[in-house]
Every structure is written in C-alpha cells, then in structure tokens.
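Written below as structure tokens is the structure these notes are about.
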Amino acid sequence: ESLMDIVNNLLFWLHFIGLGLGSVASFGLPVVGRQMPTATAETRPTLFKVAHGLTTIGRAGFGVLLVTGPLLFWLRWGGDAPSMAWFIAKMVFVVLLLVLVIVAGITSKRAEGGDRAAGQRMPMLSMIGMVLLLCVILCAVFAFN
C-alpha cells in the first residue's frame with residue numbers, strides 16, 4: 001500500500017468514528033427527549049445532563065465528519081463522487097442537519113431554562129435529526145458505491 005492509501009484509510013476510519021459519535025447522539029437524544037415532557041422537577045436536571053453529554057458527543061462527531069469528509073472527497077475521490085447527484089443530495093442533508101443542530105442547541109437552552117414549549121419541541125427536533133442522519137448515510141451509500 002502506498003502512503004496515500006494509508007492516509008485515505010485512516011481518514012475513512014476517522015470518518016466512521018465521527019459517524020458513530022454522531023449516531024450515538026442522533027439515536028440517544030430522542031430517547032432522552034421522550035422523557036422530558038413527563039419528567040419531574042427532580043429528574044429533569046439528570047435528563048439535561050444526559051442530553052448535554054450526548055450533544056457533546058454528537059458535536060465532536062459532527063466536527064470529525066466536517067474535517068474528514070472534504071479531505072476524503074478531495075484526496076480519495078479527486079473532488080468527483082461516482083454519483084454527484086447523490087453527493088449533492090447528501091450535502092443538502094448535511095447542511096440541514098447542521099442547521100438542526102444549531103436550532104436544537106438553542107431550543108435545549110430555552111427548555112433547560114424552564115420554557116415548557118421548547119421542551120415539548122425537543123423530541124420532534126431529535127426525531128428530525130435522526131431522519132436527517134439516516135438520509136445523509138443513504139445518500140452517501142449511493143454517492144460513493
């Protein structure tokens with residue numbers, strides 16, 4: 001194997017780690033979010049701690065993906081995916097997911113501050129995040145396979 005093959009494989013490995021971290025958050029947050037509307041005053045702080053931990057993991061994963069994705073796209077694929085239409089769709093879903101992460105972060109802060117309406121929106125936002133992640137992965141499979 002050439003040095004470039006090794007670099008690409010390590011980047012791909014890191015990309016999968018980022019995907020795993022993002023998946024933990026995307027699939028874990030809806031579970032926590034479903035508990036929020038009926039949580040007692042005593043359990044809400046614990047649920048928010050769990051949500052903060054999942055969010056931190058998810059953001060770290062998203063960061064890894066945002067670094068390794070473009071590097072792989074240029075180094076491994078030469079800036080041209082086998083199916084550019086699927087790649088463009090994937091990138092649209094990535095941007096939507098990034099916007100959702102920002103909106104969910106703002107909404108979470110409001111919910112933690114006692115805004116019940118914001119708290120009630122969190123499960124829906126979490127489910128949308130999960131669907132967007134699944135769309136990103138589906139498009140990636142068709143773009144690069």
Side-chain angles (χ1 to χ4, degrees), residues 5-77 79-145:
D5 289 336
I6 293 169
V7 168
N8 282 331
N9 285 338
L10 289 173
L11 284 171
F12 200 42
W13 174 71
L14 287 171
H15 201 69
F16 273 118
I17 289 172
L19 182 60
L21 293 172
S23 296
V24 164
S26 293
F27 289 95
L29 284 169
V31 173
V32 175
R34 279 195 305 266
Q35 305 303 313
M36 288 291 188
T38 59
T40 64
E42 296 82 28
T43 58
R44 284 179 63 82
T46 301
L47 288 174
F48 277 113
K49 284 181 185 177
V50 171
H52 286 302
L54 289 170
T55 300
T56 299
I57 289 170
R59 286 182 181 158
F62 208 101
V64 169
L65 291 169
L66 288 176
V67 170
T68 58
L71 285 171
L72 282 166
F73 186 63
W74 291 108
L75 296 174
R76 184 171 185 178
W77 298 100
D80 186 31
S83 174
M84 284 303 290
W86 281 103
F87 178 75
I88 290 167
K90 172 189 175 288
M91 294 313 296
V92 167
F93 286 120
V94 167
V95 169
L96 291 172
L97 188 57
L98 180 58
V99 168
L100 181 77
V101 166
I102 293 166
V103 168
I106 293 167
T107 304
S108 177
K109 293 280 187 213
R110 289 181 180 160
E112 193 170 5
D115 183 339
R116 282 283 200 198
Q120 291 173 343
R121 282 191 302 273
M122 289 307 297
M124 177 192 63
L125 293 175
S126 295
M127 292 302 291
I128 292 170
M130 187 170 59
V131 169
L132 288 173
L133 177 67
L134 292 172
C135 290
V136 167
I137 296 168
L138 176 71
C139 291
V141 167
F142 281 96
F144 294 106
N145 192 12

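Counting begins at 1 with the first residue of the sequence. Just so we're clear, the structure is a prediction, and the values are computed from it rather than from any experiment.
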Distance-only check: which donor-acceptor pairs under 3.5 Å involve side-chain atoms of residues 135-145, not counting sequence neighbours?
none

Residues 22-33, side-chain donor-acceptor partners within the protein, below 3.5 Å, at least two apart:
residue, atom, partner, partner atom, Å
Ser23, OG, Leu19, O, 2.8
Ser26, OG, Gly22, O, 3.0

Show every donor-acceptor pair shorter than 3.5 Å between a side-chain atom in residues 113-132 and any protein atom, with sequence neighbours excluded, or say none if there are none.
residue, atom, partner, partner atom, Å
Asp115, OD1, Ala117, N, 3.0
Asp115, OD1, Ala118, N, 3.1
Ser126, OG, Met122, O, 3.1

Which pairs of donor and acceptor atoms, one on a side chain in residues 80-100, lie under 3.5 Å apart (sequence neighbours left out)?
none

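With Leu10 as the partner, the side chain to side chain contact (heavy atoms under 4.5 Å, CB included) test is satisfied by one option alone out of Leu14, Asn8, Ile6, Val7: Ile6.
Taken from CZ in Phe48 to OG1 in Thr55, the straight-line distance is 10.5 Å, to the nearest 0.5 Å.
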Is there a side chain to side chain contact (heavy atoms under 4.5 Å, CB included) between Trp13 and Asn9 once you walk through the steps? CA-CA 6 Å; Trp13 174 71; Asn9 285 338; over 6 Å; no
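Other residues, nucleotides and ligands place more than 12 heavy atoms under 6.0 Å from the CH2 atom of Trp77.
Thr68 meets the side chain to side chain donor-acceptor pair (under 3.5 Å) test with His15; sequence neighbours excluded. Applying the side chain to side chain contact (heavy atoms under 4.5 Å, CB included) test to Ala39 and every residue at least two apart in sequence or in another chain returns Thr43, Arg44, Leu47.
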